[in-house]
Amino acid sequence: ISFFQPSAFLLIGIPGLEAVHGWVSIPFSSIYTMALTGNFLILLAVRRTPSLHQPMYYFLSMLALTDLGLTMCTLPTTLGVLWFDYRPIAFDACLIQMFFLHSFSVVESSVLLAMSFDRFVAISNPLRYASVLTNSVIGRIGMAIVVRATVSLFPVPFLLKRLNFCPRKNLLSHSFCFHADVMKRACADITVNILYGLYVVLSTVGIDSLLIVLSYGLILHTVMGLASPRERMRALNTCVSHILAVLVFYIPVIGVSMIHRFGRHAPPIVHALVAYVYLIVPPVLNPIIYSVKSKHIREALLKMLRRKDQG
């Protein structure tokens, strides 16, 4: 059999709703606009408000930056398909998009873990909080997160490039390139790809989720040792935003994993919607969660917007 690699894949919008893509593009455009605006405002608020120059808000800035990256990964191809019915994506461009898309997911997971460590230090050792999480430590954590994601995902495009693809199987099931989706278009043994994909998920998102649960176990243990119920509530209240952000990220991640492993017979629209929820919902909800639950972020945003009105 001669070696074949498609020059391009064909993307698909929402299966079964092709006739109304024009209408579907309206909510999608609104969601993308909300995600970009919300995360940009969070970054701006932290940068312009000296009282927010603290570890907790530096980590929140990392989360906002990651959410911007995740949004920008899928925005061009998704809106290209929905607005202009532009469906081809070059093979190499597809691999690049896939690399960044999965890298930002790993970064998001790592940032949420760093944020849980931040909450643990703040609650269990408040007097040493500032000396433990110095700017240089936060910078090093940020660098480690980026390096970890890059190293974990770097082999993935090359493992796909060595595969022989089927000439007539170039239609993908999303409006962006997803690893599980692309590798299924190959006419070759994809065991190595499946095993490496599983290793990446378990060694990043899997370990992170276990460590987040462990850190909250330790936080609860510390909080239960506090004398008054009021102090306990105050300590736990500082974690609410983070717990919500963790749920908003990990529940769709579990959904995507489940549907790719066990949902072979689910209608294509279910696969598409679960993937959109996984990629679009966290970047939209995180800024809302933090501006609603964090008084300091809310005040900084309001002050910034008032300043704009007066200007």
Side-chain angles (χ1 to χ4, degrees), residues 11-17 24 27-28 30-32 34-35 38-39 63 66-67 69-75 77-78 81-82 97-113 115-116 149 152-153 156 172-185 190 193-213 216 241-289:
L11 301 167
I12 193 168
I14 298 180
L17 297 181
V24 172
F28 269 89
S30 311
I31 288 166
Y32 276 124
M34 279 171 68
N39 287 294
L63 189 68
T66 308
D67 281 337
L70 202 53
T71 306
M72 290 306 291
C73 273
T74 60
L75 184 146
T77 52
T78 301
V81 170
L82 295 177
Q97 184 188 39
M98 186 195 68
F99 169 77
F100 280 107
L101 193 150
H102 292 296
S103 294
F104 278 118
S105 284
V106 169
V107 168
E108 179 127 357
S109 174
S110 309
V111 170
L112 289 169
L113 173 60
M115 290 170 101
S116 71
S152 298
L153 270 303
V156 172
L172 299 178
S173 7
H174 301 289
S175 58
F176 42 81
C177 294
F178 225 46
H179 179 245
D181 193 21
V182 175
M183 73 179 176
K184 282 176 189 162
R185 303 294 169 262
I190 56 168
N193 303 71
I194 292 169
L195 290 175
Y196 189 74
L198 196 61
Y199 160 74
V200 170
V201 171
L202 293 177
S203 66
T204 56
V205 177
I207 286 176
D208 293 351
S209 55
L210 289 175
L211 291 173
I212 288 169
V213 169
Y216 270 103
S241 306
H242 179 252
I243 291 169
L244 290 173
V246 166
L247 293 175
V248 156
F249 177 74
Y250 281 101
I251 290 171
V253 163
I254 293 164
V256 164
S257 304
M258 289 295 180
I259 204 124
H260 273 295
R261 300 279 175 277
F262 312 112
R264 285 193 191 95
H265 305 298
I269 192 164
V270 174
H271 282 265
L273 291 177
V274 168
Y276 283 125
V277 166
Y278 158 61
L279 290 167
I280 297 175
V281 168
V284 172
L285 288 188
N286 285 337
I288 296 170
I289 290 167

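- Side-chain atoms of Ser110 and Thr204, non-hydrogen and from C-beta on, never get closer than 4.5 Å to each other.
- With hydrogens and angles ignored, the 3.5 Å screen pairs a side-chain donor or acceptor of Asn39 with a backbone N or O of Pro283.
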Exercise for the section: Determine, step by step, whether Glu108 and Val253 satisfy the side-chain contact (heavy atoms from CB on, under 4.5 Å) criterion, reporting the C-alpha distance in whole Å, the side-chain angles of both residues, the deciding distance to 0.1 Å, and the verdict. Expected result: CA-CA 11 Å; Glu108 179 127 357; Val253 163; over 6 Å; no
Problem - Candidate pair Ser109 and Tyr250, rule side-chain hydrogen bond (donor to acceptor under 3.5 Å, both in side chains), full reasoning - result: CA-CA 8 Å; Ser109 174; Tyr250 281 101; 2.8 Å; yes
Exercise for the section: Applying side-chain contact (heavy atoms from CB on, under 4.5 Å), run through Phe178 and Leu279 and close with a yes or a no. Expected result: CA-CA 11 Å; Phe178 225 46; Leu279 290 167; 4.2 Å; yes
Exercise for the section: Could you walk me through whether Thr74 and Tyr276 pass the side-chain hydrogen bond (donor to acceptor under 3.5 Å, both in side chains) test, one step at a time? Expected result: CA-CA 9 Å; Thr74 60; Tyr276 283 125; over 6 Å; no
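- The minimum heavy-atom distance between Ser175 and Gly13, with the atom names listed, is CB-CA, 4.5 Å.
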Practice task
Could you give me the CA-CA distance, side-chain angles and deciding distance for Cys177 and Leu172, then say whether side-chain contact (heavy atoms from CB on, under 4.5 Å) is met?
Solution key: CA-CA 8 Å; Cys177 294; Leu172 299 178; 3.8 Å; yes
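- Note: Ile280 CD1 to Leu285 CG = 11.5 Å, rounded to the nearest 0.5 Å.
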Handout entry: Step-by-step side-chain contact (heavy atoms from CB on, under 4.5 Å) determination, Leu113 to Ser116
Key = CA-CA 5 Å; Leu113 173 60; Ser116 71; 3.9 Å; yes
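- Here the side chain of Ser209 pairs a donor or acceptor atom with the backbone of Gly206 at under 3.5 angstrom.
- Residues Pro282 and Pro287 share a closest heavy-atom pair of O-CD, 4.4 Å.
- Looking only at side-chain heavy atoms (C-beta outward), His102 and Cys73 stay at 4.5 Å or farther from each other.
- Taking the six-membered ring for Trp and thresholds of 30 and 60 degrees, Phe28 and Tyr32 have ring planes inclined between 30 and 60 degrees apart.
- Residues Met34 and Ile288 meet the side-chain proximity criterion, which asks for heavy atoms closer than 4.5 Å.
- Among Val248, Leu244, Leu112, the single residue meeting the side chain to side chain contact (heavy atoms under 4.5 Å, CB included) criterion with Asn286 is Val248.
- For His271 against Ile259, the heavy-atom pair with the smallest separation is CE1-O, 3.4 Å.
- Distance check: Leu101 CG to Met72 CE gives 13.0 Å after rounding to the nearest 0.5 Å.
- Between Ile14 and Ile269, some side-chain heavy-atom pair lies under the 4.5 Å cut-off.
- Residues Ser103 and Ala149 come closest through the heavy atom pair O-CB, 3.7 Å.
- With rounding to the nearest 0.5 Å, the separation of CG in Leu63 from CG in Asp67 is 5.0 Å.
- In this structure, CD1 on Ile212 lies 11.0 Å from CD1 on Ile243, to the nearest 0.5 angstrom.
- Neither side chain, His179 nor Tyr196, offers a donor N or O lying under 3.5 Å from an acceptor on the other.
- Scanning both residues, Tyr278 and Ser105, for their nearest heavy atoms gives OH-OG, 2.7 Å.
- For the residue pair Ser152 and Val200, the shortest heavy atom distance occurs at O-CG2, 3.6 Å.
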